[in-house]
Amino acid sequence: MTNTQTETGAATRKENEGTAVEAGSKATERFTASGKLAKLDVPKERVSLLAGAAIKAINDIAVEHEVTYEEYNALKAWLIKVGADGEWPLFLDVWLEHTIVDVNSKERPGAVSAIEGPFYVPGAPVLETPATLQMRSDEPGTPLLFKGRFTDTEGNPLQGAQVEIWHADADGFYSQYAPELPEWLFRGTVTADENGYFEINTMRPAPYQIPTDGACGQLISAAGWHAWRPAHIHIKVSAPGYQLVTQQLYFPGDPHNEDDIASAVKPELMLDPKPRTDGGAGEEVVYDYVLAKEGQTK
Ligand code: MBD
Ligand code: FE
């Protein structure tokens, strides 16, 4: 298999469908331009503690594993390439974000969190339920009706809830990170009704291989790993006065549910799709959301 195919062989990447450097640079640009950077203010004590611990950890590895000069220079060259390819967001979101999520969500009741990943784009078109995400007229894949309900931790329906959803197409590509896809393909902000119900018509995404032609791909092949994430749907759920939850949802039976390169699969995030009961094509799946009030802990 090459990096130009999905694992199922269902689709082949076209010549012009972009490179790791393009996707990486876009993710880097977007992060740099986002509000996240403007707000950063980490106190000196924490910088000293965390940077000191990280430096110590890597020095300990060098001692324990007797790192050679050749390995040290390979590391230096690789780190330079990560930056040149714009792949710091990808690297961090694949190999570190899952731990940051767990550390920061363990006290929150309700919906379970997972990583945001590098391909979120804020400001997707707002659609009322029942919604259909933007797709092409000949969109390949299995139609998926994703529906559910928002409640608080007491079971009361939530007003003003919304689902931000983004996912790859049936070839494993994300709009705005691969050329020639419609800008908001498979991206939307869906508002639930006054009883907290939402319905979203979309297509089942394909398993996803992180870009293999950049620094992260170079590491993966040099180490003999694989680059796959299981098929997943990215979600941000929120309601006024409630804590925002970023998560992902997965499909049973995916060959990479057990060895996700980004370590972001959890049993609570597994969907249970069934054939549609209303005679429509494809599958439907129900997934309900319990949100915690601002400041509410377990
Ligand atoms: C993705 O789609 C993703 O979800 C992660 C975590 C990393 C790379 C691409
Ligand atoms: Fe993703």
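Values reported hereafter were calculated over all heavy atoms of this structure, with side chains retained and with hydrogens, waters and symmetry mates removed.
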Pairwise side-chain contact, [X] with [Y], heavy-atom cut-off 4.5 Å (strictly under):
X: Phe150; Y: Val237; result: yes
X: Met203; Y: Thr142; result: no
X: Lys44; Y: Val47; result: no
X: Met270; Y: Val265; result: yes
X: Val285; Y: Phe251; result: no
X: His65; Y: Glu71; result: no
X: Asp85; Y: Leu90; result: no
X: Gln159; Y: Glu194; result: yes

Taking it one step at a time, do Phe186 and Tyr174 satisfy ring-ring contact (aromatic ring centres under 6.0 Å, His included)?
CA-CA 8 Å; Phe186 296 131; Tyr174 283 86; 9.8 Å; no
On a heavy-atom basis, the closest approach of Pro118 and Ala27 is O-CB, 3.8 Å
Heavy-atom closest contact (Glu183 atom, Gln176 atom, distance)
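That would be O-NE2, 3.0 Å.
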Indicate, with yes or no, if Ile100 and Phe91 share a hydrophobic cluster defined by side-chain heavy-atom contacts under 4.5 Å among Ile, Leu, Val, Met, Phe, Trp and Tyr.
yes
Please check if Leu92 and Leu75 belong to a single hydrophobic cluster, counting links between Ile, Leu, Val, Met, Phe, Trp and Tyr side chain heavy atoms closer than 4.5 Å.
yes
Distance-only polar pair, side chains of Tyr197 and Glu199, donor-acceptor under 3.5 Å
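No, no side-chain donor-acceptor contact under 3.5 Å.
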I'd like to know if [X] and [Y] make a salt bridge, using a cut-off of under 4.0 Å between side-chain N and carboxylate O.
X: Arg136; Y: Glu139; answer: yes
X: Arg149; Y: Asp288; answer: no
X: Lys106; Y: Asp102; answer: no

In sequence, state the C-alpha distance, the side-chain angles, and the governing distance for Ile235 and Phe146, and then conclude on side chain to side chain contact (heavy atoms under 4.5 Å, CB included).
CA-CA 12 Å; Ile235 301 276; Phe146 171 60; 3.8 Å; yes
Walk me through it: do Tyr177 and Trp166 pass the test ring-ring contact (aromatic ring centres under 6.0 Å, His included)?
CA-CA 12 Å; Tyr177 292 90; Trp166 72 104; over 10 Å; no
Step-by-step side chain to side chain contact (heavy atoms under 4.5 Å, CB included) determination, Tyr208 to Phe119
CA-CA 12 Å; Tyr208 175 85; Phe119 298 153; 2.9 Å; yes
Between Arg229 and Tyr250, does the side chain to side chain contact (heavy atoms under 4.5 Å, CB included) criterion hold? Intermediate values first, please.
CA-CA 10 Å; Arg229 299 214 59 221; Tyr250 303 93; 3.1 Å; yes
Glu294 atom CD: more than 12 heavy-atom contacts under 6.0 Å
yes
In terms of heavy-atom contacts, does CD1 of Ile58 have more than 12 from other residues, nucleotides or ligands at under 6.0 Å?
no
Check each of Arg187, His167, Glu180 against Ser175 using the side-chain hydrogen bond (donor to acceptor under 3.5 Å, both in side chains) test, and report the only one that passes.
Arg187
From the options Arg108, Gln243, Glu268, select the one residue that forms a side-chain hydrogen bond (donor to acceptor under 3.5 Å, both in side chains) with Ser113.
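Filter result, single survivor: Arg108.
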Evaluate Asp152 against Leu158 for side chain to side chain contact (heavy atoms under 4.5 Å, CB included), listing each step before the verdict.
CA-CA 6 Å; Asp152 65 15; Leu158 287 188; 3.9 Å; yes
